[in-house]
2 protein chains.
Amino acid sequence: MKTEHRSGCPINLSLEVFGDRWSLIILRDMIFGGKRHFREMLNGSIEGIASNILADRLKRLMELGMLTKADDPSHKQKAIYSLTEMAITLVPIMAHLGAWGRVWLPVSEELSIRAELLEKGGPELWEQFMDELRHEHLGTPVAAPERPSVRATLQAAYEAVVARKASDGIKAPAA
Amino acid sequence: MKTEHRSGCPINLSLEVFGDRWSLIILRDMIFGGKRHFREMLNGSIEGIASNILADRLKRLMELGMLTKADDPSHKQKAIYSLTEMAITLVPIMAHLGAWGRVWLPVSEELSIRAELLEKGGPELWEQFMDELRHEHLGTPVAAPERPSVRATLQAAYEAVVARKASDGIKAPAA
DNA sequence: TGCAACTGATTGCAAAACGCAATCAGTTTG
DNA sequence: CAAACTGATTGCGTTTTGCAATCAGTTGCA
């Protein structure tokens, strides 16, 4: 791993980690999309990441300590990528980024409903989500009481918007 | 301005705005360093930005609506760059980024004291800071009661650490 | 008046990063 | 045994980056 840093400033060092156009996208898909395999990330990416870029970034994120890789028992060639605690603690940053983007940028309704719910849920919801991610990726026991998972809730809201927009389209196709 | 976006996802769109290695650095220097002029940013940058990169990013940030440029009355060739509300609302993101970097990355003590104070101050301090920036860059009246400015407080803390490390160096040079 | 220092940039150029398409060897499925 | 799928890798042309040098106009000082 490279140890040459431009400065010891926290913001600069953070930028050196994900100051590019793909690293955070990959982490977003793992965190909010539950993606764990190479092909899942490659084909599921709405932004259309190229396979060589994906391979390069996964490798880089592993070197940085944000991801780990393990064999998938169900398939000798399959690899499962897991988030580390370092990556899981990005959830609040993702939430803020989403909230900021929703205010200032031309976001689409269906892709921003998750950000909206995450923002409204606040730090409490973020903590619950991070606990779920720790359970899922680090194997920690479930501390919180049983309740619908944050990711499933966000996903359901996304699908509800998609369904509503589709039915709106039937009633008023040219709207 | 380009209107081609990879997707309408808030996180993706945010990355398209500052998903590079310099844009946030420039905004950081303006927000926390109070830099307003080209040369100030060029020579004051601890990361050593090149003049062509700086010119390109300033132009880009203006096109994106994050900065505005105005003539400096004191010098016909001088330009004063101002933050817009869009850029000022990045303060909470900066605070989270700094807090995350402080935990996970090899930050230097003197350059992370600001991040530490900003984190401890919480949203209340961020709001006060944003109000100061609005006054400074947008000319809004000062709503809050008179008190030492957040930037000055952060700067003083930085200088105190630098001074302490220097005197430590005299007592124990090889520490 | 003359000249150095300073203003916000711009240009040339080499290196690196990007991104698309094709390809790879091994694994599983039908 | 062939097709589909696994996580990648390679080649190659385009774009972006970043360093050094340079630019024209402005200001301050002698």
Side-chain angles (χ1 to χ4, degrees), chain A residues 1-2 4-7 12 15-26 29-30 33 35-64 66-83, chain B residues 1-2 4-7 12 15-26 29-30 33 35-64 66-83:
Chain A
M1 174 150 65
K2 283 182 188 175
E4 289 179 37
H5 297 296
R6 301 189 298 188
S7 82
N12 171 61
L15 276 184
E16 291 186 17
V17 171
F18 37 73
D20 72 272
R21 299 173 88 75
W22 289 112
S23 298
L24 264 192
I25 294 289
I26 293 171
D29 287 348
M30 291 188 70
K35 308 290 171 61
R36 306 290 296 265
H37 299 107
F38 191 93
R39 288 285 156 176
E40 263 183 314
M41 304 184 208
L42 186 63
N43 301 326
S45 158
I46 46 175
E47 285 85 13
I49 192 170
S51 65
N52 54 347
I53 309 281
L54 177 58
D56 178 80
R57 289 307 186 283
L58 288 173
K59 183 182 163 195
R60 189 164 172 278
L61 288 171
M62 283 191 287
E63 289 170 350
L64 288 166
M66 309 271 286
L67 299 179
T68 57
K69 185 164 75 166
D71 292 338
D72 186 329
S74 76
H75 190 303
K76 289 186 181 174
Q77 221 172 4
K78 232 169 181 171
I80 297 187
Y81 292 90
S82 297
L83 300 167
Chain B
M1 176 150 63
K2 283 182 187 173
E4 289 177 38
H5 298 295
R6 302 189 297 189
S7 83
N12 171 59
L15 276 184
E16 291 187 15
V17 171
F18 37 73
D20 73 271
R21 299 172 87 75
W22 290 110
S23 298
L24 265 193
I25 294 289
I26 293 170
D29 286 348
M30 290 187 71
K35 307 289 170 65
R36 306 290 296 265
H37 299 107
F38 191 93
R39 289 285 154 174
E40 263 183 315
M41 304 184 207
L42 186 63
N43 301 325
S45 158
I46 46 175
E47 284 85 13
I49 192 170
S51 65
N52 56 342
I53 311 279
L54 177 58
D56 178 80
R57 290 307 187 283
L58 287 173
K59 182 182 165 195
R60 190 166 169 276
L61 289 171
M62 282 191 289
E63 288 169 354
L64 288 166
M66 309 271 287
L67 298 180
T68 58
K69 184 164 76 167
D71 292 338
D72 186 328
S74 77
H75 190 304
K76 287 186 180 174
Q77 220 171 2
K78 233 170 182 172
I80 297 187
Y81 292 91
S82 298
L83 301 167

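For the numbers below, each heavy atom of this structure counts, side chains included, while hydrogens, waters and symmetry mates do not. Each chain gets a letter, A, B and so on, in the order its sequence line appears, and its residues count up from 1. Being a predicted model, the structure only gives us computed values, none of them experimental.
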Within this structure, what is the [atom1]-to-[atom2] distance between [X] and [N], rounded to whole angstrom?
X	N	atom1	atom2	result
B/L42	D/dC19	CG	P	11 Å
B/I53	D/dT15	CD1	C1'	13 Å
B/R36	C/dT7	CZ	C1'	17 Å
B/K35	C/dT7	NZ	P	13 Å
A/D71	C/dT28	CG	P	12 Å
A/D20	D/dT17	CG	P	11 Å
A/D72	C/dT27	CG	C1'	12 Å
B/D56	C/dT11	CG	P	12 Å

Problem - Under the side-chain contact (heavy atoms from CB on, under 4.5 Å) test, residues paired with A/K69 that sit two or more places apart - result: A/M62, A/A79, A/Y81
Problem - Whether A/R60 side chain and A/A55 backbone form a donor-acceptor pair below 3.5 Å - result: no
Using the side chain to side chain donor-acceptor pair (under 3.5 Å) criterion, which residues pair with [X]? Sequence neighbours excluded.
X	result
B/S45	none
B/R21	none
B/E47	A/S7, B/R28
B/R6	B/N12

Fill in the blank from the handout: Which of D/dT17, C/dG8, C/dC18 is nearest the side chain of B/H37? It is C/dG8
Exercise for the section: Measure from the side chain of A/A50, starting at C-beta and using heavy atoms only, and say which of C/dC20, D/dG7, D/dC19 lies closest. Expected result: C/dC20
Handout entry: Any A/W22 side-chain N or O less than 4.0 Å from OP1/OP2 of C/dG19
Key = yes
Practice task
Ignoring backbone atoms, establish whether B/R57 has a side-chain N or O less than 4.0 Å from OP1 or OP2 of D/dT17.
Solution key: yes
Completion exercise
Result for 5'-nearest mapping on DNA chain C, choosing between B/A55 and B/N43, is B/N43
Exercise for the section: Kindly indicate whether the side chain of A/R39, heavy atoms from C-beta on, has any atom under 4.5 Å from the side chain of A/L42. Expected result: yes
Exercise for the section: Report which part of the nucleic acid B/K59 touches: base, sugar-phosphate, or nothing (heavy-atom distance under 4.0 Å, all strands). Expected result: nothing
Problem - Where protein sits on nucleotides 21-30 of chain D, one letter per nucleotide: B base, S sugar-phosphate only, - none, heavy atoms under 4.0 Å - result: B--BBSS---
